[in-house]
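I have placed the structure first, in the form of structure tokens, so that the comments after it can refer back to it.
All of these numbers come straight from a predicted model, not from anything done at the bench. In what follows, chains are A, B, ... by sequence order, proteins preceding strands, each numbered from 1.
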Protein chains: 2
Amino acid sequence: MNFLEYAIIVAGGRGRRMNSDIPKQFIPLAGFPILMHTLKAFFNYSPEINIILVLSEDSMKIWEHLCQQYEFDLPHTIQTGGLTRFDSVSKGLLKINTEGLVAVHDGVRPLVDPSIIRNSFDAAAKYGCGVVAVPVKESLRIKEENQNKTVDRSHYWLVQTPQTFVVSKLKNAFENAPHNQFTDDASVFEHAGHSVHLIEGSYQNIKITNSEDLIYAQALLSK
Amino acid sequence: MNFLEYAIIVAGGRGRRMNSDIPKQFIPLAGFPILMHTLKAFFNYSPEINIILVLSEDSMKIWEHLCQQYEFDLPHTIQTGGLTRFDSVSKGLLKINTEGLVAVHDGVRPLVDPSIIRNSFDAAAKYGCGVVAVPVKESLRIKEENQNKTVDRSHYWLVQTPQTFVVSKLKNAFENAPHNQFTDDASVFEHAGHSVHLIEGSYQNIKITNSEDLIYAQALLSK
């Protein structure tokens, strides 16, 4: 069975941590803006994918200008974001009017490998959901009131994106969510009663949130 | 009350992940070997500190050679390491024959800030132990058998080094440990019945384990 495939790329952030006037998703990385790398990764996975790019109202003009400047012509639909990540994904989902699979991905994770995107879609087709995560490498402790204790890190996973779902199930989960403070889409999906299927990602699929991350990403791309 | 202060710098690793014949602690970073940066950070914290450097048998000659080459003359004692990290720290502790405070630190964490070292010694003087850790930033999930579920990341901390302790308490904990597979010193200390006091570190205090980490460290040092 073939599913229509969608990707919601969330790029509503204002990049305040970068000490930069330009939102971080537009900062150049190895020759072109971070967000263009991210979109390209999804097209490298599949030229048939339907991309919905969620941008803040302020960013629309910048993005339009950048697309002209860099002659960026990969097809995508633009949607205005909301105040929170939850709101932005909700608005992105409004652009999808068929059943299918939808990957939600952070605009500032440009280094995602197309094979990981593929794995997340495959898992979503099979299990209803495929969420990329990596095992915790460091020793981990849990802090409760004035105590803290070691926990077995081998049971813990750090969640990344893409997080890919059956469209109707994710829409339903967002429509019935009790609040908009969830830190990721898997939590919204889980709250609706679905179980979450994790797939192993890569430590290199970093979220670029500060200038050191940017240097790290440049180093990875120059390899 | 003044305590004698020690630091055990653990540098027994062979650096197989670096695709390099040279153990990673000896790789140059901003002009001199990683391990020299690490030792310097502790001297920058306090010129009176007693440093015990734990090296594998194979590494002794390389380190000796590097100290000559770089005219590195900060005083330190050398101890041969063991097969595991636990064994290496145990052997380092054998070099300490007075009461005092001891910081255990990874040789490949050269970016530790002297103010963080200070905080860990201060906490050890006050609480018996001061373990550097940072809050988990990503969404976190726990995997158990075929299920996984979201956990509240705000309760979880990733452990780094230095981990600083009252000498007699740490020695006792190591001598009575039931096995040598602990992933860090705080776990050994905790297993002996002591409570662990966490202090907040920095995300920049990275452990250099691959070539991308090295590039990231270079970027941080060049700022």
* Asked: Taking the six-membered ring for Trp, are A:His37 and A:Phe32 parallel (under 30°), tilted (30 to 60°) or perpendicular (over 60°)?
  -> parallel
* To do: Answer with side chain, backbone, both or neither: which region of A:Val136 has an atom nearer than 4.5 Å to a non-hydrogen atom of chain B?
  => side chain
* **Under 4.5 Å from any heavy atom of chain A - which part of B:Ala219** => both
* Asked: Would you say the side-chain atoms of B:Asp113 and B:Ser115 include a donor-acceptor pair closer than 3.5 Å?
  -> yes
* Asked: Under a 4.0 Å N-O cut-off, is there an ion pair linking B:Asp184 with B:Arg85?
  -> no
* Pairwise distance NZ(B:Lys24) to CG(B:Leu35) - rounded to 0.5 angstrom -> 11.5 Å
* With respect to chain B, which residue among A:Asn148, A:Leu198, A:Thr183, A:Asp213 yields the maximal number of heavy-atom pairs within a distance under 4.5 Å? -> A:Asn148
* Structure fact -> Under 4.5 Å to a heavy atom of chain A? For B:Lys149 that would be both
* Structure fact -> The interface call for B:Glu212 against chain A, heavy-atom contacts under 4.5 Å, is both
* Can you tell which of A:Ile215, A:Leu220, A:Ile142 has the highest number of heavy-atom pairs within less than 4.5 Å of chain B? -> A:Ile142
* Name the orientation class of the two ring planes belonging to A:His197 and A:Tyr127 (parallel below 30°, tilted from 30 to 60°, perpendicular beyond 60°). => parallel
* To do: Heavy atoms only, distances under 4.5 angstrom: which of B:His155, B:Arg153, B:Glu138 has the most pairs with chain A? Name it, please.
  => B:His155
* Asked: Closest heavy-atom contact between A:Leu214 and A:Leu29?
  -> O-CD1, 4.0 Å
* To do: Look only at the side chain of A:Tyr203 and the backbone of A:Pro135, and say whether a donor-acceptor pair between them is shorter than 3.5 Å.
  => yes
* Report the option among B:Val151, B:Thr150, B:Asn146, B:Val131 that has the most heavy-atom pairs separated by less than 4.5 Å from atoms of chain A. => B:Thr150
* Check each atom of A:Gln204 against the heavy atoms of chain B and say whether the ones under 4.5 Å are side chain, backbone, both or neither. => side chain
